[in-house]
Number of protein chains: 2
Amino acid sequence: MKSDIQPTLLLDEQLCFALYAASRRMTAIYRPLLEALGLTYPQYLVMMVLWERDGLTVRELGERLQLDSGTLTPLLKRLEQAGLLGRRRRQSDEREVEITLTDTGHNLRTRAAEVPRCLAERLCLSADAFEHLRHELKSLAAQLAAPTDE
Amino acid sequence: MKSDIQPTLLLDEQLCFALYAASRRMTAIYRPLLEALGLTYPQYLVMMVLWERDGLTVRELGERLQLDSGTLTPLLKRLEQAGLLGRRRRQSDEREVEITLTDTGHNLRTRAAEVPRCLAERLCLSADAFEHLRHELKSLAAQLAAPTDE
DNA sequence: AAAATATATATTGTGCACAATTAAATTTGA
DNA sequence: TCAAATTTAATTGTGCACAATATATATTTT
């Protein structure tokens with residue numbers, strides 16, 4: 001016999017709160033590491049995407065991170081002010097703003113490479129447990145993705 | 001042979017991003033349901049705690065939700081403005097502010113009881129999968145809890 | 001009791017998230 | 001072809017999170 005979920009209003013039984021609390025704890029662990037690099041956590045995510053593939057547009061960054069221009073535009077302006085990247089309209093389509101790393105931004109990658117190592121050490125999870133949880137979260141997020149009303 | 005974690009800077013391999021993305025997706029699912037109740041997601045969490053046990057102080061709410069007064073004070077003022085709760089200094093210790101539900105706040109619980117039911121339906125997870133993931137997240141958060149430097 | 005210390009909340013300032021709107025460039029189609 | 005529709009960013013406004021500081025009250029120490 002398969003048990004059903006019995007929905008309650010008890011905080012400690014909510015998956016959403018476990019997720020919310022764990023996510024905030026996780027960024028709190030990153031904070032001091034990233035502060036040493038002069039980055040916030042969302043800024044670190046943007047830099048990670050650009051280290052993988054430079055020259056993306058704001059839209060492409062937003063698709064990757066699931067963030068809109070209301071979040072990205074000011075964040076990217078701060079990274080520009082910090083000298084880590086440049087923003088300019090594309091000649092081919094002036095609606096698009098292309099983001100390119102400066103040398104400083106590119107070079108920051110070397111120091112940032114320590115961050116995942118520190119985290120792996122801090123987490124004390126086996127690679128299997130790590131991958132298991134990551135996949136569960138990815139499929140949860142996929143399950144929660146807005147139904148693409150066709 | 002037990003495989004080790006190979007830390008990279010690739011976005012799709014980060015547990016932190018899976019967590020961050022899933023958490024934001026989750027609150028996005030709650031948003032329209034809670035909007036119907038006139039609540040934001042953090043406000044809903046506060047109300048859940050108070051529906052469980054009324055008359056807590058700001059500090060006690062903060063311990064439960066892991067939020068500080070910088071977050072809670074303005075949030076509680078908004079809930080007060082909305083007529084859902086009252087805030088007053090305790091006679092026994094005037095440093096403390098006790099939060100008490102109004103009748104309106106108490107009565108909102110009935111309508112809010114639908115929310116977890118809607119979510120359970122939306123999630124399409126078995127009770128086992130739900131509980132499994134919730135416990136994994138709780139132990140992750142515990143693992144990430146600030147080491148209480150004694 | 002006065003001074004030092006600790007505790008609880010509020011305030012200030014920065015940086016996300018996200019909805020809603022605006023503005024400009026591009027594409028589509030009658 | 002040119003007006004309407006679409007796309008891309010930016011802007012505006014609200015509400016968290018969280019660090020740092022301030023303020024008021026309570027407790028402890030001398």
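As a basis for the values below, the full set of heavy atoms in this structure was taken, side chains included, without hydrogen atoms, waters or symmetry mates. Convention: sequence-line order gives letters A, B, ...; per-chain numbering from 1.
- Ion pairing between B:E63 and B:R59 holds under the 4.0 Å rule for side-chain N and carboxylate O.
- Positionally, the nearest nucleotide of DNA chain C for A:Q66 lies more toward the 5' end than for the other of A:E94 and A:Q66.
- Using a 4.0 Å cut-off, no side-chain N or O of A:R90 falls inside it from OP1 or OP2 of C:dA25.
- Atom CZ of B:R88 and atom P of C:dA10 are 14 Å apart (whole Å).
- The pair B:E60-B:R53 fails the salt-bridge criterion, with no side-chain N (NZ, NE, NH1 or NH2) lying under 4.0 Å from an Asp/Glu carboxylate O.
- Summarising the geometry, the separation between CD on B:Q91 and P on D:dT25 is reported as 15 Å, rounded to the nearest angstrom.
- Relative orientation of the B:Y44 and B:Y30 rings is tilted, given thresholds of 30° and 60° on the angle between their planes.
- Across the protein-nucleic acid pair, A:Y30 atom OH and D:dC18 atom P stand 16 Å apart, rounded to whole Å.
- Between B:R134 and A:D12 there is no salt bridge, since none of the side-chain N atoms of the basic residue sits less than 4.0 Å from a carboxylate O of the acidic one.
- No option in B:L45, B:V97, B:L72, B:L75 other than B:L72 meets the side-chain contact (heavy atoms from CB on, under 4.5 Å) test with B:L61.
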Reading nucleotides 6-16 of chain D from the 5' end, what letters show protein touch, with B for base, S for backbone sugar-phosphate only, - for no heavy atom under 4.0 Å?
-BSSBB---SS
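- Note on A:K77 versus A:E80: no salt bridge recorded, every NZ/NE/NH1/NH2 to OD/OE distance being 4.0 Å or above.
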